[in-house]
There are 2 protein chains.
Amino acid sequence: MNSRRASPPAAGKQPETAASPWRASRERLRDRALKREAVIRAAAREFNRKGYHNTSLDDIAARLEVTKPTVYYYVTSKEQLLFQCFVAGVEQIRAAFRDVRHLEVPARERLNAVLRHYGEAVASEFGWCMVRAEDQDLSPAMSRHIKALKSEIDHGIRRLIREGVQDGSIQPCDPKMTAFALAGALNWIAHWYREDQSLTGAQIAAAFVAVFEGGLRPRAGAAPLAVRRGTRRRARRPAQAVAR
Amino acid sequence: MNSRRASPPAAGKQPETAASPWRASRERLRDRALKREAVIRAAAREFNRKGYHNTSLDDIAARLEVTKPTVYYYVTSKEQLLFQCFVAGVEQIRAAFRDVRHLEVPARERLNAVLRHYGEAVASEFGWCMVRAEDQDLSPAMSRHIKALKSEIDHGIRRLIREGVQDGSIQPCDPKMTAFALAGALNWIAHWYREDQSLTGAQIAAAFVAVFEGGLRPRAGAAPLAVRRGTRRRARRPAQAVAR
DNA sequence: CCTCGACCATACTGATGGGTAGCTATCCTA
DNA sequence: TAGGATAGCTACCCATCAGTATGGTCGAGG
């Protein structure tokens, strides 16, 4: 008499992106790890859409077409969910550092490669969580952990900058400030990429690296990688509109 | 027999930054606007410290040594509080655009001036609110309003870039991506400035502008604005430490 | 057939926090 | 000095939501 599990025909919403592995595969409901990963991804998507605090575990569960206790079956707390998303994102960047470590090219090119991967990671589905995981939202222990991971990446960038200055491939500069500027620009992608997906993460990262490399001030040589004309209209200014 | 207002002698905590204008000035408690502004500032400070969602109105009230209904006497909702903080921050940037509009210098220098003010605003007490006010946390109406203000600034930067490309003071580039990169780097200051106040906002902004202008790739000319030596130690790398 | 354990749902608790009702004190004006 | 406006407090309401207690279902092994 229990009407449990009688819902499938009533489902009116298509699975949207990746179908949840639950009802779809009532057989081989083995593989706990696979489901756990699905929970993490679903959480990342919801956090990305509505923010951490505006996302309830009921939301995440609903997205997976299960209930909240099921989510807790795979994860111990909401906080851990955020942390896992963070780690998933940050791991991509750490991989970029590892890949680049042994390349036999000037440090500036190694840095560029890292920054490109960095940008792609920030534009990925875990980008928001990686970038926006606030230490205020986490327990002291996890906060320390996250801070350490962020610091590791920050110092990795600074080191590449220092090496570049030493081998002559990078303009002398303050490594700390420069690293902040580069990482900040890339981190910020997570804020607007959600709404403007006209470019891929890789394209954005490449465009940013081009800006960083060349700088705004014109070089002595010719103008690289850009159209030359553009003297069409002379900057109309709409009378200081207060913008709605 | 009412023990109201009998607390002053029991106050064990010094006023920290700016003393709340309540108990301190029991006379001329005129000037509602002044108190309202104090509420906004207190909110900004608390949001800055703990984030919007982790700050309760009781916290803000406590910081002012009043109670929650008093806060509601000056403000209609928590959401409005955030919005006001946002506007206070953004207004500094709009002022920068106005100041610069009529300068008779190349567009790149006008852009630099705006960016310096931008950086200072982000490092100010309203920086966090301005940068982090999420549309998900606000009603649709205020969300639209905030988006419009952000868009106005974004397009202001893009226009300066376009003008710079046209008058030859800026390297040809994609205005949209370049504006995103510049604004992102500066916005991100709000994330780390809280913890590292070794520099003033103006100093940070100046350092960032220097990076943006020159770019990473060495110029043909001499090396500007940086120490020349620095070949001290050859980039020790601590065996891929997982950082705690 | 019967039990065990993995898995998941229903239905609850407890705390937090935005927001309000209504009373009180103080000041200004008449 | 009465009466209204200003300004602030105590005490409360109630929606939300993280997390849990409990129990039901199903496949697998005996």
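Proteins come first, then strands; the chains are lettered A, B, ... in the order of their sequence lines, and each starts at number 1.
- When the side chain to side chain donor-acceptor pair (under 3.5 Å) test is applied to Ser56(A), the partners found at least two apart in sequence or on another chain are Asp59(A).
- Between Lys35(A) and dC7(C) there is no side-chain polar atom (N or O) within less than 4.0 angstrom of OP1 or OP2.
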Show each protein N/O and nucleotides 14-18 of chain C N/O combination with a separation under 3.5 Å, one pair to a line.
unit_1: dG18(C); atom_1: OP1; unit_2: Thr55(B); atom_2: O; d: 3.4
unit_1: dG18(C); atom_1: OP1; unit_2: Lys78(B); atom_2: NZ; d: 2.8
unit_1: dG18(C); atom_1: OP2; unit_2: Leu57(B); atom_2: N; d: 2.8
unit_1: dG18(C); atom_1: N7; unit_2: Lys68(B); atom_2: NZ; d: 2.9

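- Set against dC9(D), dC7(C), dT20(D), the side chain of Tyr74(A) has dC7(C) as its closest nucleotide.
- Computed from coordinates, the Arg36(B) CZ to dG8(D) C1' distance equals 18 Å when rounded to whole Å.
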Side-chain donor-acceptor pairs of residues 113-124 of chain B under 3.5 Å, sequence neighbours excluded:
unit_1: His117(B); atom_1: ND1; unit_2: Ala113(B); atom_2: O; d: 3.0
unit_1: Tyr118(B); atom_1: OH; unit_2: Asn187(B); atom_2: OD1; d: 2.8
unit_1: Ser124(B); atom_1: OG; unit_2: Gln92(B); atom_2: NE2; d: 3.4
unit_1: Ser124(B); atom_1: OG; unit_2: Ala121(B); atom_2: O; d: 2.7
unit_1: Ser124(B); atom_1: OG; unit_2: Phe126(B); atom_2: N; d: 3.3

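- If you take CZ of Arg32(A) and P of dG5(C), they are 16 Å apart, rounded to a whole angstrom.
- Dashed line: the shortest gap from a side-chain N or O of Tyr73(A) to OP1 or OP2 of dC7(C) is under 4.0 Å.
- Rounded to a whole Å, the CD atom of Gln80(A) is 10 Å from the P atom of dG19(D).
- Under the ring-ring contact (aromatic ring centres under 6.0 Å, His included) criterion, Phe47(B) pairs with Tyr52(B), not counting sequence neighbours.
- In this structure, Phe208(B) and Phe212(B) have perpendicular ring planes: the angle between them is above 60°, well past the 30° mark.
- Between Thr67(A) and dA9(C), a side-chain N or O to OP1/OP2 separation shorter than 4.0 Å is present.
- Shown here are the ring-ring contact (aromatic ring centres under 6.0 Å, His included) partners of Phe86(A), two or more places apart in sequence or in another chain: there are none.
- For Phe180(B), the ring-ring contact (aromatic ring centres under 6.0 Å, His included) partners two or more places apart in sequence, or in a different chain, are Trp192(A).
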